[in-house]
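Written out below as structure tokens is the structure these notes cover.
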Amino acid sequence: MISRIDLRGDALPEGAALRDLLPRAEFDVEAALEKVRPICEDVRHRGTAALIDYAERFDGVALERIRVPAAALTAALEALDPGVRAALEESIRRARIVHRAQRRTGHTTQVVPGGTVTEKWVPVERVGLYAPGGRSVYPSSVIMNVVPAQEAGVPSIALASPPQKEHGGLPHPTILAACALLGVDEVYAAGGAQAVAMFAYGTGECAPANMVTGPGNIWVAAAKRYFTGRIGIDTEAGPTEIAVLADDTADPVHVAADLISQAEHDPLAAAVLVTDSPRLADAVEKELEPQLAATRHVDDRIVPALSGRQSAIVLVDGVEEGLKVVDAYGAEHLEIQTADAAAVAARVRNAGAIFVGPWSPVSLGDYAAGSNHVLPTGGCACHSSGLSVQSFLRGIHIVDYTRDALAEVTHHVVTLAEAEDLPAHGAALKARFDWKVPGQ
């Protein structure tokens, strides 16, 4: 079911050459970009009317308005299963603990006597958050987006999630209930690229946002790329992925279960095991069959994901080589199931989130570890971070120099300005001290 890539025996290549040997899903955002362009521009020109038309075309629902009534949020929370409510509340509590600790405070540095630079952190004014609603429903993504935005102090938060035919054209009630628990009352029944366009341009119902975050399908990713520069984004999220670095000490039951857990998201989901143990590789493959027999979404999601080109068991000579492979891969989720897992995890450079040992599975991070599950995919973990409070903050430098402090450094500024052939830069300082400006 799952293929093997044998990298044993020869020295591993470096950089891109190693990445090219590793499995990855096909995810052509550039091709999708051309398809979402007319949708985005239609929303720009027709606003809410376009959103209503796309809801009927893509979601099969006839809407009169896009914004979810406040009464629907209240009703969804009142009807929520008590066990689900308790689980969501605990997830929110733990996420707040972690994200509150991320909040940065301003700091003033005295560069010289009379000269200071203060860095202050200011939240973006308004964010549009996206919660997917396709094959599965993700109230957990509501939490992962809303909590860091709230802890950053964002004053205006709106959320969009696709309308659901079976729920009268509203987003899924568990999505609405999660919004109500978090105190988010501006919610829109809009999905896909058109939801991103709504936040980017604004409509009659929805004010434009400064930033859009949240996972979604390829159309959401393409719309984010389309609007980059007009709005801030978190990342162009691709199919979800897990990599497990394991040695002979790992339990094949755990490893197989964790690979399946990510494969059930989507047929394009990636599940990669990197191991130096052929015995473990064989045991994991053997373990997949009985676990698949005991779960759902097998034929439409899990089997296509595990058998696709994006999934594989990668055999390496040792944990040292395994570290090189997982760093080259840059997984969204990386589990370390080796001897001395914490020490091995400390050496990893590229991952969206790292899960240490047998008792820290990715599923924990998806819901209740306190960490954020909106993470970079497609190898972007080598240069990007997951969603955090910092994602919603902007650092602004405030420069405050006295006359004497400026005078002391003026000759350096003038020298550098002349070296860059920008004499007016130096002249701007000379003018403050009644120095003659050249050419006058």
Side-chain angles (χ1 to χ4, degrees), residues 84 86-102 129-132 136-149 151 174 178 182 213-216 234-235 237-246 250-251 253-266 269-274 305 311 326-327 329-338 341-342 344-346 348-382 384-391:
V84 176
L88 288 174
E89 288 175 335
E90 180 62 10
S91 179
I92 292 168
R93 187 187 74 82
R94 293 184 179 210
R96 288 209 188 281
I97 291 171
V98 172
H99 290 83
R100 188 162 293 159
Q102 296 172 351
L129 310 177
Y130 188 81
S136 298
V137 178
Y138 295 101
S140 57
S141 287
V142 177
I143 296 169
M144 299 298 169
N145 279 270
V146 171
V147 168
E151 294 301 325
T174 314
L182 288 157
T213 72
D234 50 350
T235 185
T240 191
E241 56 200 27
I242 181 175
V244 181
L245 175 59
D251 187 329
V253 174
H254 296 172
V255 175
D258 293 348
L259 296 177
I260 291 171
S261 73
Q262 288 305 110
E264 77 173 336
H265 276 286
D266 187 274
V272 178
L273 168 61
V274 180
S311 299
V326 297
D327 267 339
Y329 184 73
E332 178 189 17
H333 309 94
L334 173 63
E335 290 187 355
I336 306 296
Q337 298 200 34
T338 65
V344 173
V348 173
R349 295 184 59 85
N350 300 330
I354 304 171
F355 300 83
V356 181
W359 312 116
S360 305
V362 167
S363 297
L364 174 65
D366 283 342
Y367 298 111
S371 58
N372 203 292
H373 80 200
V374 182
L375 300 167
T377 60
C380 292
C382 68
S384 298
S385 304
L387 200 66
S388 70
V389 166
Q390 185 56 33
S391 302

Applying the side-chain contact (heavy atoms from CB on, under 4.5 Å) test to S91, which of D366, V142, I143 qualifies?
I143
Whether S311 side chain and A305 backbone form a donor-acceptor pair below 3.5 Å:
yes
Measuring from I336:CD1 to F355:CZ, what's the distance to the nearest 0.5 Å?
11.0 Å
Exam field: side chain E335 to backbone P361, donor-acceptor pair closer than 3.5 Å:
no
Using every non-hydrogen atom in the two residues, find where L88 and P139 come nearest and quote the distance to one decimal.
CD2-CB, 4.0 Å
Working to the nearest 0.5 angstrom, can you tell me the gap between N350 CG and C380 SG?
11.0 Å
Distance (rounded to the nearest 0.5 Å) between L364 CG and S261 OG
11.5 Å
Note, H333 side chain near T240 side chain (heavy atom, < 4.5 Å):
yes
Side-chain heavy-atom pair Q390, Q102 within 4.5 angstrom cut-off:
no
Applying salt bridge (charged side-chain N to carboxylate O under 4.0 Å, His left out), run through R93 and E89 and close with a yes or a no.
CA-CA 6 Å; R93 187 187 74 82; E89 288 175 335; over 6 Å; no
NE2 of H254 to CH2 of W359: how many Å apart, nearest 0.5 Å?
4.5 Å
When you compare the side chain of V362 with that of D258, does any pair of heavy atoms fall below 4.5 Å?
no
Closest heavy-atom pair and its distance - N145, Y130
ND2-O, 3.9 Å
Non-hydrogen atoms of G238 and T377 that approach each other most closely
N-OG1, 2.7 Å
I'd like to know if the side chain of N372 and the backbone of M144 have a donor-acceptor N/O pair within less than 3.5 Å.
yes
Identify the two heavy atoms, one from G379 and one from E241, that lie closest to each other, and give their separation to 0.1 Å.
N-OE2, 4.0 Å
Roughly how far, to the nearest 0.5 Å, is CG of L375 from CG of L334?
11.5 Å
In the structure I gave you, are the side-chain heavy atoms of S391 and P148 within less than 4.5 Å of one another anywhere?
no
Spacing of CG belonging to L387 relative to OG1 belonging to T213, to within rounding of 0.5 Å:
5.0 Å
Correct closest heavy-atom pair for S140 and H373 would be OG-CE1, 3.2 Å
How close do D234 and V374 get, heavy atom to heavy atom, and via which atoms?
OD2-CG1, 3.5 Å
